2 protein chains.
Amino acid sequence: MDMRCSLRDISIFVAAYEERSFTAAAERENATQSGVSQHMRNLEYMLGVQLFLRERGGVTPTPAADSFYRNCMEVLRVYALARRDVTRFAKSEAGEIHVGLMPSITSRVLSPVLDRFLQEAPNVNVRITESYSASLTQTVQAGELDFAIVPSGSSDTGVRGQFFVRTPEVLVSRASGELEPLAPVCLRALAPFKLVVPGGDNIRHHTIESYCTTNDIRIGQLLELDTMLGTLDFVAHSDWMAILPAVMMAEDGGHRALCVNPIVGPDMHVDLMLIEPIRKPMSPLAARFADLLKQEAQRVSATWNTESLRLVKPARPVAVAPGR
Amino acid sequence: MDMRCSLRDISIFVAAYEERSFTAAAERENATQSGVSQHMRNLEYMLGVQLFLRERGGVTPTPAADSFYRNCMEVLRVYALARRDVTRFAKSEAGEIHVGLMPSITSRVLSPVLDRFLQEAPNVNVRITESYSASLTQTVQAGELDFAIVPSGSSDTGVRGQFFVRTPEVLVSRASGELEPLAPVCLRALAPFKLVVPGGDNIRHHTIESYCTTNDIRIGQLLELDTMLGTLDFVAHSDWMAILPAVMMAEDGGHRALCVNPIVGPDMHVDLMLIEPIRKPMSPLAARFADLLKQEAQRVSATWNTESLRLVKPARPVAVAPGR
DNA sequence: CCTCTGCCATCAGGTTTTCCGATTGTCCCC
DNA sequence: GGGGACAATCGGAAAACCTGATGGCAGAGG
């Protein structure tokens, strides 16, 4: 269809229709009478329809103009709406970021960060890829991610890494178990217990194993589960337990179905790293997003270190009731 | 609001959004890549929002573009609708006509004429004014009507008149009365009867009176009513009768509530005139409308002359059952 | 009857916008 | 490092646009 017709034509037509006078329309639209006259002549030619009867004292719209007018009002209305809607993005710079996160981060930290980020940068396409450290490292290496958050200890060939946050590890068990929620526990006191761990190719698998070996903790039974959602559900409905980063638990202890306990004797924690492609420096947008992530991760982690827990709860024996 | 934005901008934007490439959009819109690029730069400047990220292998829309796109599609949709709707009027020449008619014409003849006329000339503003002969003549004289149809015999000062149509007069009474529908009646045989007539300043008042006088018809009681709708309703619900032009009755005898009888002995009829302002000749549109009116009026009148009635009904005595 | 006024159409011109072709710059892939 | 695909930019030509002036027309008023 012929797009020779501009919105200016339309609004001039509307003015002429409503004023029933080209002269008045010209005044209203900051144009001259001759300009309006030409516009209307072109419009009529383009539509192949006479829109106005030129009569003494002004013009009177034809039935065709009546029809066209109704539709034009709608066109202008929708156009104004489009303008208004788009201003929502006006202040924000445009861009896109693609971030890789482990499930520990996506489960609890991501949501408020997304909220905040999209509010201050609505015109940015945010893409989050959830995966495990090996896969994330590889994707970063390929330059497909702006950055990723992974547990430290990953092989870091082809990526630059920097310390991101230290978060305590916590023991997660079903809420109806024998542990008192939030009370620090010593794993040795619980042994032997049933433990769900990630698969052998996951960094955290080794971390947990070496902690137990070093501290002479005997594990009753070991189950390798490589699904975070599955692990949580399984732990919630059985007497199996899991060791997970605190950063993924809500401050209030999270799901009603789960019991969360900080691990002491000795404290157990995991360091997370931010890795990025070697070549290009992080974009300002990615940097801002990483910053928000870090703030939130630190905040959540802080609520889980044993110091702050002691502040909100009266001191209690370090070792807890007999295991099993 | 700024109307710098033309529909061309919008459709180019839509093309670029869908193609995710300025080059492809240019091809689709019969433009050059550089043109598209400039259009999009202007659009972004105008909206104050970045719409595309220029990346390797094309462009990718920002969230702002997503929003704008949805609204733009609507704008184009409504615009296309406006174009389509207006083509309905394309073949017709524009104009306006203002016609004055007596109630006899508007009640039955007008409707099919309007239908036909608006179909062949939809872009014409038709205005019908219903009134009585005196008032119509005056308005024609003032040049406010293209023409009017009035009973002949009106004073024709300041107007040009020509014969329009001859239509029989018929007697109208309630359906539940003593007359047989459609049977010709001789008024003298019914006398004395109760008759509703127009007011004394109406031509028809005199016509009817002189007919009765000439043919020695004694009228029992006379009631002057200057409302056509009121007359019909009154006649339908009482034993009063009225003498009306056949041209205003439907061929099938009209309302179920009314009984219609041609008047014979002698036949009674009225001639209608078409009057127009002295100075200007009738516009082609007005002439066409008058022509259609005449055709329809002739057709209806013809069905009411006593000849054609005898064809559809077996012959019957001319004088009917005793009046009252 | 003539003039005066208000309105629209038209015209000629200058100005702005639009459009195009060519060129440049960038990135990626080979 | 060269080649290909794509977008940005630039300069000039073409088109569109706007304007101020002029003309025609129809009423109103003297």
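Letters go in sequence order (proteins before strands), and every chain restarts at 1. Keep in mind that what you see is a predicted model, and the values were worked out from it rather than measured.
Within the 4.0 angstrom heavy-atom criterion, only backbone atoms of the sugar-phosphate kind lie near R54(A); the bases stay farther away. The residue G58(A) sits close only to the backbone: its heavy atoms come under 4.0 Å of sugar-phosphate atoms, none of a base. As judged by a 4.0 angstrom heavy-atom cut-off over every strand, S37(A) is placed among the base-contacting residues.
Atoms OH (Y45(B)) and P (dT18(C)) sit 14 Å apart, rounded to a whole Å. As a whole-Å value, the separation of M40(A) CE from dA9(C) C1' is 14 Å. Protein atom CZ of R20(B) is 21 Å distant from nucleotide atom P of dA5(D), rounded to whole Å. For L53(B) and dC27(C), the CG to P distance is 14 Å, given to the nearest whole Å. Summarising the geometry, the separation between CG on N42(B) and C1' on dT16(C) is reported as 13 Å, rounded to the nearest angstrom. At whole-Å resolution of the value, CD in Q33(A) and C1' in dT10(C) are 10 Å apart. Summarising the geometry, the separation between CZ on F22(A) and P on dC18(D) is reported as 15 Å, rounded to the nearest angstrom. The distance from atom CZ of R56(A) to atom C1' of dA28(D) is 8 Å, rounded to the nearest whole Å.
Interface remark: the S34(B) side chain does form a donor-acceptor pair with the dG21(C) base, using a distance-only criterion of under 3.5 Å. Evaluation of atom-type donor-acceptor distances gives no pair under 3.5 Å for the side chain of Q38(A) against the base of dA9(C).
Looking at which nucleotide of DNA chain C each of N30(B) and G35(A) is closest to, the 5′-most match is held by G35(A).
Here the rule is side-chain contact (heavy atoms from CB on, under 4.5 Å) with V165(B), and of L272(B), L274(B), D271(B) only L272(B) fits it.
A salt bridge is defined here as a Lys NZ or Arg NE, NH1 or NH2 lying under 4.0 Å from an Asp or Glu carboxylate O, and D291(A) with K294(A) fails to meet this definition. Salt bridge status for R28(B) with E19(B): present, with a side-chain N to carboxylate O gap under 4.0 Å. A salt bridge is absent between E44(A) and R41(A); no separation between the charged side-chain nitrogens and carboxylate oxygens falls under 4.0 Å.
In this structure, a donor-acceptor pair under 3.5 Å is present between the side chains of Y17(A) and D66(A).
In this structure, R8(A) does not reach the dA16(D) phosphate: none of its side-chain N or O atoms is under 4.0 Å from OP1 or OP2. Contact check, H39(B) against dC19(C): a side-chain N or O comes under 4.0 Å of OP1 or OP2. At dC18(D), none of the side-chain N or O atoms of T32(A) fall inside 4.0 Å of OP1 or OP2 (strictly under the cut-off).
Relative to the side chain of R41(A), the nucleotides dC20(C), dA7(D), dT10(C) differ in distance, and dT10(C) lies closest.
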